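Following: one structure in structure tokens, then a few remarks.
The shown structure was predicted, so the numbers you read here are calculated from the model rather than taken from an experiment. Letters A, B, ... are given to chains in the order of the sequence lines, protein chains preceding strands, and every chain is numbered from 1.
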Amino acid sequence: MVDLSVKIGDVEMANPVTPASGAFSWEYADVIDLNRLGGLVAKTICKEPRLGNPTPRMAETEAGIIQSIGLPGKGIEYFIDHIVPEYKKFTPPLIVSVSSESTEEFAELARDLSIPGVDVIECNISCPTRNTTGGNFAMQSEHTKEVVSAIRAATDKPLWAKLSPNAGDIVSIAMAAEEAGADCLVIANTFLSLKIRTDNFRPALGNKFGGLVSPALKPIVLRMVYQVAKQVSIPVIGIGGVTKAEDVVEYMLAGASAVGIGYAGFRNPTALTAIIDDLEAWCDDRGIKKVTELIGAIKDDDMEMDTLTAASSGV
Amino acid sequence: MVDLSVKIGDVEMANPVTPASGAFSWEYADVIDLNRLGGLVAKTICKEPRLGNPTPRMAETEAGIIQSIGLPGKGIEYFIDHIVPEYKKFTPPLIVSVSSESTEEFAELARDLSIPGVDVIECNISCPTRNTTGGNFAMQSEHTKEVVSAIRAATDKPLWAKLSPNAGDIVSIAMAAEEAGADCLVIANTFLSLKIRTDNFRPALGNKFGGLVSPALKPIVLRMVYQVAKQVSIPVIGIGGVTKAEDVVEYMLAGASAVGIGYAGFRNPTALTAIIDDLEAWCDDRGIKKVTELIGAIKDDDMEMDTLTAASSGV
Amino acid sequence: MTDFVSASKYAASPDRVGEPDRHPDRPAGEFICNVLSNEWVNGEYKLLALETPPRALNARAGQFFHLLCPTPDGAEVWMRRPMSVYRIDKDAGHLQFLYKCEGRGTQGMALLEPGDEFNIAGPFGIGFHLDPAWKNIVVLGRGVGLATLAPLAQMAAENGVHVTAILSARSAELVMSRDMFDELGADVIAVNDTDHSSDVDNVEAILEKLIADGRADAFFTCGSNRLLDLMKRLGKAHGVPGQVAMEQIMACGLGACYICVRTFEVNGEKILRRVCREGPVFDIQETVGW
Amino acid sequence: MTDFVSASKYAASPDRVGEPDRHPDRPAGEFICNVLSNEWVNGEYKLLALETPPRALNARAGQFFHLLCPTPDGAEVWMRRPMSVYRIDKDAGHLQFLYKCEGRGTQGMALLEPGDEFNIAGPFGIGFHLDPAWKNIVVLGRGVGLATLAPLAQMAAENGVHVTAILSARSAELVMSRDMFDELGADVIAVNDTDHSSDVDNVEAILEKLIADGRADAFFTCGSNRLLDLMKRLGKAHGVPGQVAMEQIMACGLGACYICVRTFEVNGEKILRRVCREGPVFDIQETVGW
Ligand SMILES: Cc1cc2nc3c(=O)[nH]c(=O)nc-3n(C[C@H](O)[C@H](O)[C@H](O)COP(=O)(O)OP(=O)(O)OC[C@H]3O[C@@H](n4cnc5c(N)ncnc54)[C@H](O)[C@@H]3O)c2cc1C
Ligand SMILES: Cc1cc2nc3c(=O)[nH]c(=O)nc-3n(C[C@H](O)[C@H](O)[C@H](O)COP(=O)(O)OP(=O)(O)OC[C@H]3O[C@@H](n4cnc5c(N)ncnc54)[C@H](O)[C@@H]3O)c2cc1C
Ligand SMILES: Cc1cc2nc3c(=O)[nH]c(=O)nc-3n(C[C@H](O)[C@H](O)[C@H](O)COP(=O)(O)O)c2cc1C
Ligand SMILES: Cc1cc2nc3c(=O)[nH]c(=O)nc-3n(C[C@H](O)[C@H](O)[C@H](O)COP(=O)(O)O)c2cc1C
Ligand code: FES
Ligand code: FES
């Protein structure tokens, strides 16, 4: 039977399947066994309590949803006192996601969350719905470097940086995050989007803009993971459109060490554990002994086939 | 009956529905009446003959296709002698799309195509599949400004600039193109993507990367059109995921003066004229007298509703 | 999308009718049920009856399931749709939903035929609560709200609590669930818009009378903001406690995503609560109208 | 996706059976046809019969239609699938396709039932050409290639041209379309892998004999690269002209997108041609093997 375990830096995970921040909570224990997951990823927390964005917070689109939650939460104190203990009832490593609009506060958050029980600090520097312009640190390499450096200085915990698919040059931003001391890159957050209702001419979401979430986007994020994994030496976690075991394989072939899953868990509350089962079966069927063999195993060395030769071989 | 005509600068179009470059040719006259279209948009032409990219050039994805054609063509001389005359058998304005990797050649192309019969020169500064890094002028404002300025200096024809959705800051790039003298912004080209086959671990396309095309992407491009239209004073044409009349309306509400359609014409060869029929009926049903009333008509002035008030009104 | 996006074995993960329950102690699950019937109740509503795995039948009145609706048109329905349990028959292993055919999800549901499979997740949320001290309750519902309130009548009957049900509708023909309330021994008062008996004034008079007669130990409502406001006002004036089932667009249904929030007022302070987790049943006095 | 992404009236744009032809002079169209039957021919192939608007019946042997396949699994099939016309019955208004059930598109097609609607676009491409000077032709096909070659027999019969058909298959049971060739008066030679009669050597011997007997004024093939190479070699050696129908993945089917290119060699120069527009039928001598 295949060994599904993976290591993200020093963090050991039983398998490469984790939930995506904000689309998961310990409450999923009502339907699945959380101890089977590769990791537990908490919803992004901010320092002070926040209400989040106006409703409606979600609308269906042609192929997926747009959503704009706006990082509601009860602040870091409540989080440490009440939410961390909920997650510590389960065994997988706890990844805590933080967000702020200032570098200093980001560092404070990381420092204050460097407590026993927290295994990883993920800095969400890419939330497109925190404010309406969609601007965030991960849009520019300099800002990324600055904020990740500050957070790095504030904590000894493993530090993961969640990047934005809205950035034009994800590779430079990834390299900036690596240079600044990130231990892993999480690619990616949601795509800033807009839906306008043609019945009343109004934006479909209370916050106007929202993040698009859809299996349709997987090829874009996969390309980013591939490009980044070729350039950095820290691990990459792929997030975007994973709904089946083959998608996990595809991300790993592109260079990801693990994946995160959001939407699929809405559609099928049992999706995450089902995908783990399927991944195991998929590897076993092919005699793959360790799932880590798949990381970066894309066969692309001989891709420079010339056009005429390629087109003489037909379908 | 609604007046569907729109003006893009000085270019008069019978309606806001045009085909998208590369997904259309005069050969569509086999199935639809080309004289009904708002414009005729030729496939991007390069100066010298090009074979284009290795096959396979297309693969289906979860929700759409990725494709990588690589701008094959017989060069500008053949284009002027044989292809322009094919289009001139029809009445709508002819939009000619050009591409190059050098600023000088781009200007030469524009100059050489400034001939009678050509109504608009569209500079495709955003083709993601021309070379494998996906780099192109429209990824950066400075490059955009430089190349559009050079083209502007070379032609008196109306000049449209086709932008890239892979750019991080589309608004700055749009403003650069406007400043450089573009008469219209075409938003957007395709999203750089990758698909890896899990049966043989190889990229699904001969060129490795391809451009993702899918109705699922409409909310992203719509957001870009909305953001850009608020900032520039030249017209914007929205391209991405239009498959029905309501999508045309949505783009116009966001600020577009017209739309381009690619994928829908593959799926339904009669899609473009069907959408024109539907748009007319849609406007008539609502008593809209001129389709131009829809441009930028999104109701977003009062969008700053506070969270608690919004969430007390429920569904 | 089901199989294209999902691998073959993926679909096997939810629990199925007839298979042993692999997780008997989980409060909720994802279940593949068998459709028994799916008939029109009137021109707008259908009643869906399912055979479900036993665990799904632990649902209480006021709780809901999250339904993976089939496509009405060849395109995906990307999100589940929440529906209250309408009737639970533990002995037969049946569960019913009463639903209004509105948009794509419910139009897709309307296509289900006997023998089809249907994927439901739940039961989720907090249902209605009956205080042992209450002997007489008043249930006031309108439209689709009746679907949510109906199982409360079942619960009341099981607990020996008397129900007065005021059923409001646009016209007399559209009054739903009357039979079910009748059958369960409720006093039924049907009001409608056609003869103006459903006007707030008239319903207020009915409620005042019930309070005066000692028939209103608690109020329950769903489906109309106007009627909620009325019960809130009268409940406050006369000290009658009340519960309301509320709606909001949902994604996860489990409390994770914070998409389904609504505003409530608790001790003078406005706060947000998740309809799927802290609700869908809330204290009437804590609701905030608009 | 059909209706969700398309507005109500949108779907009305293709031409339908029974309606007057709005564009009689267009060479191709988008047609909504009625499924008459869709039966298994053997374990891998199905035969689909459609009632179509008259214009669709102008298709010639070797031309293809681009088919909007239904979903096999609830998810969209995003692109059309090209299929050669298998049989055209102008009098009855029927069109047939013979197809191999492979991936999602053809699996979706396999679900079509009599009475269903099916959206097809075409006829596209350049079909087979019969030179008036040719009295005897040789048709060599294998597997799905037979579907493409079969209507050529019909065309030959109509033009008084004699056909020798060499039908190759893995096993004797899988030889398809034999009846159709028989019926149209062709001499049929069936060869298969089981008894090695389909080996290139044997087929070569058969072809040599036909050439020697003056029964091979032209060659036609489809479905096997190995057999194409053989005909190319023999055709070149003996001066027998030949045509081959080729395949490539397609998007537009009309010549616009350049997705369907393949390499050809013309006057010593390698060039790309679009299978959908310059083909799918090409001069055998211009093909390039791999
Ligand atoms: C806890 C709960 C229990 C419910 N119980 C029932 C029930 O028993 N019977 C019943 O008929 N309906 C019930 N609803 C409402 C039902 O969920 C919606 O009618 C349904 O989701 C609409 O889906 P659609 O695809 O048909 O419509 P859509 O096209 O999605 O939307 C049509 C209309 O329904 C509204 N709507 C969409 N989603 C929801 C939602 N989650 N909640 C409320 N309104 C929504 C939209 O704003 C729109 O006005 C319940 C809702 C909740 C939250
Ligand atoms: C002009 C033309 C005529 C054809 N006529 C017939 C016919 O009469 N009967 C028949 O059974 N098949 C025919 N084909 C092949 C048919 O188009 C493919 O088998 C079909 O598209 C596969 O679709 P799918 O969804 O089942 O498979 P997919 O899952 O899309 O692919 C399965 C396999 O089919 C190959 N394939 C995919 N698309 C094409 C394509 N456009 N052409 C060739 N191979 C493809 C893929 O590379 C893959 O190996 C023809 C192809 C062309 C180009
Ligand atoms: C409702 C919702 C809320 C989200 N909230 C957060 C969040 O708080 N922090 C974060 O880093 N990402 C958040 N995301 C993004 C997801 O973590 C993930 O990046 C995205 O959904 C793409 O993955 P998917 O395609 O598997 O859904 C959220 C996504 C959704 C759908
Ligand atoms: C096969 C194909 C070829 C394309 N070729 C070009 C091209 O030559 N020039 C160009 O500017 N855009 C090209 N595009 C992009 C389209 O013009 C358009 O921007 C894109 O398809 C998005 O629109 P859609 O969602 O309506 O398809 C091509 C797209 C496709 C699918
Ligand atoms: S629907 Fe996700 S928190 Fe309620
Ligand atoms: S399929 Fe588009 S050119 Fe052939």
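The closest side-chain heavy-atom distance from B/Glu60 to D/Val77 is below 4.5 Å. Using a 4.5 Å cut-off on side-chain heavy atoms (C-beta onward), D/Arg274 and B/Glu27 make contact. No side-chain heavy atom of D/Ile271 sits less than 4.5 Å from a side-chain heavy atom of B/Leu51. A 4.5 Å side-chain heavy-atom check between B/Val31 and D/Phe124 finds at least one atom pair inside the cut-off. Contact of the D/Cys257 side chain with the B/Phe24 side chain is not registered, since no non-hydrogen atoms from C-beta on lie closer than 4.5 Å. With a 4.5 Å cut-off on side-chain heavy atoms, B/Thr270 and D/Asp15 do not count as touching.
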Please test B/Thr55 against D/Ile249 for side-chain contact (heavy atoms from CB on, under 4.5 Å), starting from the C-alpha separation and ending with a verdict. CA-CA 9 Å; B/Thr55 58; D/Ile249 288 167; over 6 Å; no

B/Arg267 vs D/Glu30, test: salt bridge (Lys or Arg N to Asp or Glu O under 4.0 Å). Steps then yes/no. CA-CA 10 Å; B/Arg267 186 183 169 86; D/Glu30 183 180 340; over 6 Å; no

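Put simply, CE on D/Met79 and OG1 on B/Thr61 are 10.5 Å apart, with the number rounded to the nearest 0.5 Å. The line from CZ of B/Phe266 to CE of D/Met250 is 13.0 Å long, rounded to the nearest 0.5 Å.
Nearest approach of B/Pro269 to D/Leu254, heavy atoms of both residues: CB-CD1, 4.4 Å. Closest non-hydrogen pair, D/Leu272 versus B/Arg57, comes out as CD1-NH2, 3.8 Å. Looking at every heavy atom in both residues, D/Ser13 comes nearest to B/Ala274 through CB-CB, 3.4 Å. Pairing each heavy atom of D/Trp78 with each of B/Pro215, the nearest pair is CZ3-CD, 3.5 Å. Nearest heavy atoms, D/Arg26 versus B/Asp30: CB-O, 3.4 Å.
Summarising the local packing, CD of B/Glu77 is surrounded by 12 or fewer heavy atoms from other residues, nucleotides or ligands at distances under 6.0 Å. Within 6.0 Å of CZ on D/Arg226 lie more than 12 heavy atoms contributed by other residues, nucleotides or ligands.
No other option in B/Gly22, B/Ala59, B/Gly64 has as many heavy-atom pairs under 4.5 Å with chain D as B/Gly64.
Looking at D/Asp25, there are no atoms closer than 4.5 Å to chain B (heavy atoms on both sides), in backbone or side chain. Using a 4.5 Å cut-off between heavy atoms, B/Ile65 touches chain D through its side chain atoms alone. Within the 4.5 angstrom heavy-atom criterion, only backbone atoms of B/Ala29 (N, CA, C, O) approach chain D. Within the 4.5 angstrom heavy-atom criterion, only side-chain atoms of D/Arg80, from C-beta onward, approach chain B.
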